[in-house]
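What's counted below: heavy atoms across the whole structure, side chains too, no hydrogens, waters or symmetry copies. Every value quoted in this text rests on a predicted model; they were computed, and no experiment measured them. Letters A, B, ... are given to chains in the order of the sequence lines, protein chains preceding strands, and every chain is numbered from 1.
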Amino acid sequence: MLEARLSQTLLLKKVVDALKEIIAQGTLDCSDNGLELQSMDNSHVSLVALSLASDCFEKFHCDRNVSLGLDLKSLGKVLKCANSDDAVTIKAVDRPEKITLSFESDGKERTADYELKLLNLDQDHMEIPKKDYTCYIQLPSSEFARICRDMSMFDESLTIACSSKGIRFSAKGDLGTANIQLNAGTAMDVSIEVQEPVTQSFAGRYLNTFTKATPLADRVKLYLSEERPLLVEYPIEDYGHIRYYLAPKVNEPDF
Amino acid sequence: MLEARLSQTLLLKKVVDALKEIIAQGTLDCSDNGLELQSMDNSHVSLVALSLASDCFEKFHCDRNVSLGLDLKSLGKVLKCANSDDAVTIKAVDRPEKITLSFESDGKERTADYELKLLNLDQDHMEIPKKDYTCYIQLPSSEFARICRDMSMFDESLTIACSSKGIRFSAKGDLGTANIQLNAGTAMDVSIEVQEPVTQSFAGRYLNTFTKATPLADRVKLYLSEERPLLVEYPIEDYGHIRYYLAPKVNEPDF
Amino acid sequence: MLEARLSQTLLLKKVVDALKEIIAQGTLDCSDNGLELQSMDNSHVSLVALSLASDCFEKFHCDRNVSLGLDLKSLGKVLKCANSDDAVTIKAVDRPEKITLSFESDGKERTADYELKLLNLDQDHMEIPKKDYTCYIQLPSSEFARICRDMSMFDESLTIACSSKGIRFSAKGDLGTANIQLNAGTAMDVSIEVQEPVTQSFAGRYLNTFTKATPLADRVKLYLSEERPLLVEYPIEDYGHIRYYLAPKVNEPDF
């Protein structure tokens, strides 16, 4: 049985907004430690992983592990019905067929209960190796979102070049070329740690989808290494994170 | 002849916004007492009735009764051209073919006159019996609008259950079920008077259309009785009201 | 070679927004004096002329005249990628095939470079005679924009009647008629100079397009004379202007 209570619905809204654009459905694995969700995106190119520790919740009780097959668009609709500052309680029995979300306004004058049907989803949980990366960048999440949006006007492909001097985003298309250079420094607080420079290209539309998580965190972390997927991590305060993984494009020679 | 002047166009904007979604055309009956309009909605399911007393106006002169067949979408377009704080004067001659709306900005530096052609509409004025209702609820109009909107995501039908304990709105559809409970109390100022509990279902899309009147009044009044149409009333200060009537759905047994 | 630097991108954004709706492509003529662009609109009915003096720029260097064939939609996209308070430097070599726009944030932590391909456009530079006009009106640009928008709901044609008493805008269509009268005065600061009264009709959709320049100037200047095109001028501080010219409609007799 699961019973988890958040004092504010806002966090749950942000988490579901960050997930629902990239995956239509996903299985939330609930255990004594908290909540986990891992899934390939709808087109099986990128991977998203959510982790939320039990101490993120005002109250958390999960005596047996429960897996909840969620339709994230439906969950998003239910969350739209709640005020951001409502308290929310998530409940599910063992081997559940539905999940209950209960919202309470301050003073309890208004209570709203929603029951959502659960789905039977195939699970393909992958073990993601925790290797080291050769480049580690931290930058404001809103700046990263803006760069991904701007670059995607030029080309479907975005190149990230990371060196100790800074990080350069570039795109080249019919319109022309675009280059944005961020230097490590104080005003915008960009931090860059580079053991070995990396230059990789990615499909911009996946990066754009990842940036739906922007409201979750002021700063986003990028991890890059040669021939490894990019890791884009949005920390959720001290309680967990949403991580997105995206393999680089294989560069084809220009003829 | 009719000549009616409001010191602020805002009220007229709100009234027309509340009407134009539910009825395309309507006949405004003008008499010495003020203005009245009554009409079935476009699909002849619900009824809307406007009443605006002459003392709502800064100046009101109507020596003979005049009926004005209005196209409300056109009237809405004209009102969009006016500032909310413009003064507006409505004029029509006896047996009119057109109506004139004159807007004056403060200081009269800007004046705008619009003439709208009138329509010949069949009138089907109904006498609405003023029976007592067994449930009377007052709640914030924005809260009622939100509930109608939220419920309509779940099902086209919305059930209202009213008892001395409170009022419960519920909907059940493919997505799941939704229940919102409002308890009489102070924070949101919900007041409930119940002689006999009532549970009725209504077509949500009509309720949603009624809530276009939300800007007219901070609080909305709901009146329910078994086997009688729901009355949703938005008071217009002390000068009148817009009332919407909607028959409950006949409950079919679930097989 | 051209090198021109503005301390704020905002001005360039406003200029391109004012042009890109009315002309898809245009040739920017750069000389030691500054920048000029002149073009018929996409449907060859109205004429637009931009003039921006070199002292508008923080730094301006143009040793040989350069003509830049610009796709204004593309330029608008690039400018959307810049912050309004970024500094921008425009560069082009002699006989250029591309133009470079470089944006720098305050503190230079972020730099962005965009290269746009140039177009080979036929040039049809017209000499516009600087005759005197018999009516000269100044009014708030936002008021002019609003009048053009409101009138276009009534008819595709808008009539401007200018006399020493004031200026009257009118339209007549299926919906009814609309008249807006502005009197010279202080509250809105409308100034009118009339040697000879003029009444002319214009295609409202061109006037609406001209008002895309509204953010450039608080006040717009209208110049009218019998049998001459209307001139709508938006000054760009003390550095230049955007001028739009539109021929009046030939009045056909009503049968």
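Among the candidates Ala171(C), Ser170(C), Ala178(C), Gly176(C), the residue making the largest number of heavy-atom pairs closer than 4.5 Å to chain B is Ala178(C). Heavy-atom pairs under 4.5 Å with chain B were tallied for Arg149(C), Arg168(C), Met151(C), Glu143(C); the largest tally goes to Glu143(C).
For NZ of Lys13(B), the number of neighbouring non-hydrogen atoms (other residues, nucleotides, ligands) closer than 6.0 Å is greater than 12. Atom NZ of Lys77(B) has 12 or fewer neighbouring heavy atoms from other residues, nucleotides or ligands inside a 6.0 Å radius. More than 12 heavy atoms of other residues, nucleotides or ligands sit less than 6.0 Å from atom CG of Asp94(B). Around CD of Glu226(C), the count of heavy atoms belonging to other residues, nucleotides or ligands within 6.0 Å exceeds 12. No more than 12 heavy atoms of other residues, nucleotides or ligands sit less than 6.0 Å from atom NZ of Lys172(C).
Contact of the Leu139(C) side chain with the Arg110(B) side chain is not registered, since no non-hydrogen atoms from C-beta on lie closer than 4.5 Å.
The backbone N or O of Cys81(B) sits less than 3.5 Å from a side-chain atom of Arg146(C), completing a donor-acceptor pair.
In this structure, the portion of Phe154(C) lying under 4.5 Å from any heavy atom of chain B is its side chain and not its backbone.
Considering all non-hydrogen atoms of both residues, Leu175(C) and Leu116(B) come closest at O-CD2, 3.2 Å.
Note that CG of Asp150(C) and NZ of Lys80(B) are 10.5 Å apart. Values are rounded to the nearest 0.5 Å. Between the CG atom in Asn183(C) and the OG1 atom in Thr111(B) there is a gap of 6.0 Å [rounded to 0.5 Å].
Counting only residues at least two apart or on different chains, the salt bridge (Lys or Arg N to Asp or Glu O under 4.0 Å) pairs with a member in residues 203-219 of chain B are Asp189(B)-Arg219(B).
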